[in-house]
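All residue numbers refer to positions in the sequence shown, counting from 1. Atoms within a ligand are numbered from 1 in the order they appear, just like the ligands themselves.
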Amino acid sequence: MSSSASASAAKVLESEQRAATMIVPGPILLLGAPGVGKGTQAKELVRLWGIPQISTGDLLRANVAQGTGLGKVAKEIMQRGELVPDSLVNEMVAVRMQESDTVNGYILDGFPRTIAQSHWLDGRLASQTETLPVVAVSIQVDYNQLLRRITGRRNCPVCQRIYNIYSNPPQRAGFCDVEGAPLAQRADDTEKVFAERMRAYAAQTTPVVEHYRELGRFAEVVGDGPIAAIAAGIVAAVERLRSERS
Ligand code: AMP
């Protein structure tokens, strides 16, 4: 595509996104295997919709870094790629959902991950009559691509920018382009832990996908392609699900 054609395609995409973001998004679940890009897409949706991302992985890592009681329990479980007990994660989400920035909705990223967590969430939202029902969007990417995404992922500990040594390397290997800081790798982004996280996903999160599919509050988007195009697909899916239910 020529540069003027791609610039006008980008403009069309931007205006479509602007039109699609006129809705009140309400609570959104981003589902998908580890590495499908839930975090990246959540950040894009935060920018488009002005609602917060609630990432249970990020909240747990912050607890680990601060050495809280929850962090001490979660640390080893997370290092093995297993799931932190539902009651602890639910309580952490309950506290975050009460903050005032959630009135127009929020993007749950990495939660619910078990059917018990989804029943807890459904019950909680059903008791809040002023809140829209949750809608779920699952991002699909094939296994081998996920493995490269996960094992190649690096982040800057200063500005949190995310790189990938295969698909989006920094200019100087091992260092952040902006901060110059040495890049870090998450302890659970190794191939062995990835395999365990995929096993946990298949066993425990597939029923969550089926649950929201059965409720008719579910859509799937392909997670392979430019970030903005995937985000546009998610926005369109949420708008469709919301209009079907109004
Ligand atoms: P993530 O960054 O979403 O891949 O999460 C990293 C790790 O945090 C997972 O492998 C789990 O050990 C833990 N974790 C995150 N979200 C949840 C959740 N909803 N339930 C249980 N454990 C979680």
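Ligand 1 places these atoms under 4.0 Å from at least one heavy atom of E82: 11 (C), 12 (O). Every atom of ligand 1 with a heavy atom of R61 under 4.0 Å away is listed here by number and element: 2 (O), 6 (C).
Side-chain atoms of Q145 and D224 include a donor-acceptor pair closer than 3.5 Å.
Heavy atoms of R186 found under 4.0 angstrom from ligand 1 belong exclusively to the side chain. The side chain of L60, and not its backbone, has at least one atom closer than 4.0 Å to an atom of ligand 1 (non-hydrogen atoms only; side chain from C-beta on). Contacts between V89 and ligand 1 below 4.0 angstrom, taking non-hydrogen atoms only, involve the side chain exclusively.
The heavy atom nearest to atom 20 (N) of ligand 1, considering only Q117, R197, E196, is found in Q117.
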Let me see the working for E244 and R240 under salt bridge (Lys or Arg N to Asp or Glu O under 4.0 Å), right down to the final yes or no. CA-CA 6 Å; E244 280 168 6; R240 183 172 51 73; 3.4 Å; yes
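Shortest contact from atom 7 (C) of ligand 1 to any protein heavy atom: M78 CE, 3.8 Å. The protein non-hydrogen atom at the shortest distance from atom 5 (O) of ligand 1 is R113 NH2, 3.3 Å. Nearest to atom 19 (N) of ligand 1 among the protein's heavy atoms is G110 O, 2.9 Å. The shortest contact between atom 16 (N) of ligand 1 and any protein heavy atom is with T56 OG1, 2.8 Å.
Of the candidates L29, I28, L215, V135 forms a side-chain contact (heavy atoms from CB on, under 4.5 Å) with just one, namely I28. Only one option out of Q117, R113, H119 pairs with D86 in a side chain to side chain donor-acceptor pair (under 3.5 Å); it is Q117.
Between R213 and E210, at least one side-chain N (NZ, or NE/NH1/NH2) sits under 4.0 Å from a carboxylate O, which counts as a salt bridge.
Note that R172 lies in the cation-pi zone of F175, set by a 6.0 Å cut-off to the ring centre and a 45° limit from the axis.
By the 6.0 Å contact criterion, CD on Q171 is open, its count of non-hydrogen atoms from other residues, nucleotides or ligands being 12 or less.
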